[in-house]
Amino acid sequence: MKNRIIILLSILACVGNMQAQQLYVKAGGNLALGWPWTYSSNESYHELVMSLTGTEVTSKNANFGLGASPFISAGYMFSQNIGAELGFGYQFGIARTNENTLINPLTYKTYRADTHLKCSWMWINPQLVIAVPVSDFKPYGRVGVVFGFSPKMEMLTENINDEGKKKTELTGGMPWGMNAALGINYNMCKNFSMFGELEMLQMNYAPTNSEVTEYTDANGNDILSMLSEKSKKTEFVDSWNSADLATTLPNKAAKINLPLSSFKINLGIRYNF
Amino acid sequence: MKKQIIIMLGLIVCGYAIQAQHLYVKTGANYSLQMPSASGMQRVTEATATTSSFESVDYKLSNGLSPQVTFGYYLNKYSSFEITTGYHFGSKQTVENQIFSATGNYMQSNEMSLNYGFINPCFVVNPGFAKWNPYIGLGAHIGFSNVMTEEITNDNSQYMRRYATSGGSQFGFFGKLGMNYNLTKNWALFTELSYANASWTPERKHLYAAMDNNGTEVYETIKPYAMLTEYKENYKHNSQGMVDASKTQKRLKSSLPLDYLSLGIGMMFSF
């Protein structure tokens, strides 16, 4: 009898997984590095140098995933190895600058007019977690779907027409994609641990609207009302007719794609209940 | 007492990572679907003398079948490093435009497909289960020898133009979620869901076949401007808007979104 009990206990110990279900919360931040080598034929994303003989265009990266996000997550480990996690966060876009040289159509004088572009959005991220509980550094992987909310792409051109300012915002729609991450959890004390992760996010954004929200002249006067509705607003639609394109109505155009994919470095603290 | 200790130790050893480092090979095939991404492309669905109706078109160039082989190495029971290589046979995507003509409207079709080779190095973690063993992988996706073919034809004549777009690089991230089912000590079945955020920036598009409305070969008569388009990171267009037909066309580089989600199955052999 004693032999059988010892054998049984050994089997239980070998199979492991005595620490089963566990609820936890995580808080942290990440730096999203965007993704290089993405180009667009849309000249407004690029650097322009105008002269009397023509316009020189230099391609710039058309990925807008560069930014930083604070986030919180709640997770539940069904066993020592398998769990689920739900993350929330807000990506603050980091602006990148195109140094343009434009030409005044009246004086033919060239002037510097930089354009700053950035994209920000809120996100929710349900994920599956696979953990490997070996050693003090516990590696894990997670994979899931990311849904974006309240996205906004801003394009601000300063010194437009030699000292004015023009701001265009692209909004509407819902960016979404998939993510995968590999991370390490390190136990600091009984309930607290630190984590570090490398994450890849695949995400695209198709806005539904583009609108000029700010337009001032060289004296700082608001001249936004001087723009026609067609010049001020564009709707990105699935289908439209050329008869819809009156100056008193918003312009219509084919849907465009803004790549928001990114490589991220995540750091934070985890509390295990 | 000595017998009991020996039994305990024997069971502990059996339960833990006896299989440490070893090689494995996987073969299988994936079917990919393009992740939805608007392209800025449009097609004319209806054309009259005074108006036209338009429709947005999404790219579907990532749709297709990819046979592949994977070479992997288990670093320990829970993690491995693997390299997958294969070839993507793209499905055809057809975009049709209605063209207005005084003699009668006609449909112009543009049939496109993309083929390329790929290499996906990847780091994989798994919980080390005996029978059903799930895993997550994260790595890179590298495409090479990309060629996109396009054939443009009209339904009211034998007009035809055939183009090949090539050159440039395809690079992105790669992630996957899979499950191994261990049949025997060495053999296993696997199924996996993988995705990548790839994009491809071609360098050139050249015409390689042309026929007129009567079906006569006219390739030799085509001017350089219509024969070859080069995609540049930096170029200049003049203010007069005049075109020199004796020179090849230059345009700004543009990336084609090739983000995909794919489902794969296959067999695995562990050495």
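- Between the side chains of B:Ser255 and B:Thr201, at least one donor-acceptor pair of N or O atoms lies under 3.5 Å.
- Each of A:Ile82, A:Ile130, A:Val49 has some count of heavy-atom pairs under 4.5 Å with chain B, and the biggest count is that of A:Ile130.
- Interface check for chain B: of the options A:His46, A:Met178, A:Met203, A:Glu47, the most heavy-atom pairs under 4.5 Å are formed by A:Met178.
- When each of A:Lys60, A:Met200, A:Met50 is scored by its heavy-atom pairs under 4.5 Å with chain B, the top score falls to A:Met200.
- Contacts between A:Phe263 and chain B at a heavy-atom distance below 4.5 Å involve backbone atoms as well as side-chain atoms.
- Contacts with chain B were tallied for A:Gly141, A:Ser242, A:Ser239; A:Ser242 has the most, counting heavy-atom pairs under 4.5 Å.
- By the 6.0 Å and 45° rule, B:Lys253 stacks over the aromatic ring of A:Tyr39.
- Of the listed residues (B:Leu138, B:Val44, B:Leu177, B:Leu261), the greatest number of heavy-atom pairs within a distance under 4.5 Å of chain A belongs to B:Leu138.
- Of the candidates A:Asn266, A:Asn30, A:Asn125, A:Asn266 is the only one forming a side chain to side chain donor-acceptor pair (under 3.5 Å) with A:Glu199.
- Highest contact tally toward chain A, considering only B:Ser199, B:Ala130, B:Pro134, is held by B:Pro134 [criterion: heavy-atom pairs under 4.5 Å].
- For the options B:Lys232, B:Glu55, B:Arg43, B:Arg251, heavy-atom pairs under 4.5 Å to chain A are most numerous at B:Glu55.
- At a 4.5 Å heavy-atom cutoff, B:Leu256 makes no contact with chain A through either its backbone or its side chain.
- Top candidate by heavy-atom pairs under 4.5 Å with chain B, chosen from A:Ala253, A:Pro36, A:Pro259, A:Ser262, is A:Ser262.
- Heavy-atom distances place no part of A:Ala62 under 4.5 Å from chain B, backbone and side chain included.
- For B:Ala196, the part lying under 4.5 angstrom from a heavy atom of chain A is the backbone only.
- Ionic pairing of B:Glu82 and B:Lys176 is present here: one or more N-O contacts between side-chain nitrogen and carboxylate oxygen are shorter than 4.0 angstrom.
- Taking B:Gly128, B:Gly168, B:Gly172, B:Ser169 one by one and counting their heavy-atom pairs under 4.5 Å with chain A, the maximum is reached by B:Gly172.
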Quick one, A:Tyr45 with A:Phe64, criterion ring-ring contact (aromatic ring centres under 6.0 Å, His included). Give me CA distance, side-chain angles, the key distance, then yes/no. CA-CA 10 Å; A:Tyr45 300 153; A:Phe64 301 103; 5.3 Å; yes
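- The aromatic ring centres of A:Phe149 and A:Phe147 sit 6.0 Å or more apart.
- Taking B:Tyr235, B:Tyr135, B:Tyr231, B:Phe174 one by one and counting their heavy-atom pairs under 4.5 Å with chain A, the maximum is reached by B:Tyr235.
- Proximity to chain B (any heavy atom under 4.5 Å) is restricted, for A:Trp35, to the side chain, taken from C-beta onward.
- With a 4.5 Å cut-off on non-hydrogen atoms, A:Leu201 touches chain B through its backbone but not through its side chain.
- Between B:His22 and B:Tyr74, the ring planes lie tilted relative to each other; the angle falls in the 30° to 60° range.
- For B:Ser79, no part sits under 4.5 Å from any heavy atom of chain A, backbone or side chain.
- Counting only N and O atoms by type, the side chains of A:Asn63 and A:Thr38 include no donor and acceptor under 3.5 Å apart.
- Ion pairing of B:Glu230 with B:Lys205 is absent here, as no side-chain N (NZ or NE/NH1/NH2) approaches a carboxylate O to less than 4.0 Å.
- Only the backbone of A:Val237 has a heavy atom closer than 4.5 Å to any heavy atom of chain B.
- Only the side chain of A:Asn204 has a heavy atom closer than 4.5 Å to any heavy atom of chain B.
- Between A:Asn209 and A:Glu235, the side chains place no donor N or O within less than 3.5 Å of an acceptor N or O (distance only, hydrogens not considered).
- Under a 4.0 Å N-O distance rule, the pair A:Lys264/A:Glu197 does not qualify as a salt bridge.
- B:His88 and B:Tyr116 have parallel rings, their planes meeting at less than 30° on a 0 to 90° scale where 60° marks the start of perpendicular.
- Of the atoms belonging to B:Phe123, heavy atoms from both backbone and side chain fall under 4.5 Å from chain A.
- Using a 4.5 Å cut-off between heavy atoms, B:Thr51 touches chain A through backbone and side chain atoms alike.
- Both the backbone and the side chain of A:Thr58 come within less than 4.5 Å of a heavy atom of chain B.
- Between the side chain of A:Arg96 and the main chain of A:Asn61, a donor-acceptor pair closer than 3.5 Å is present.
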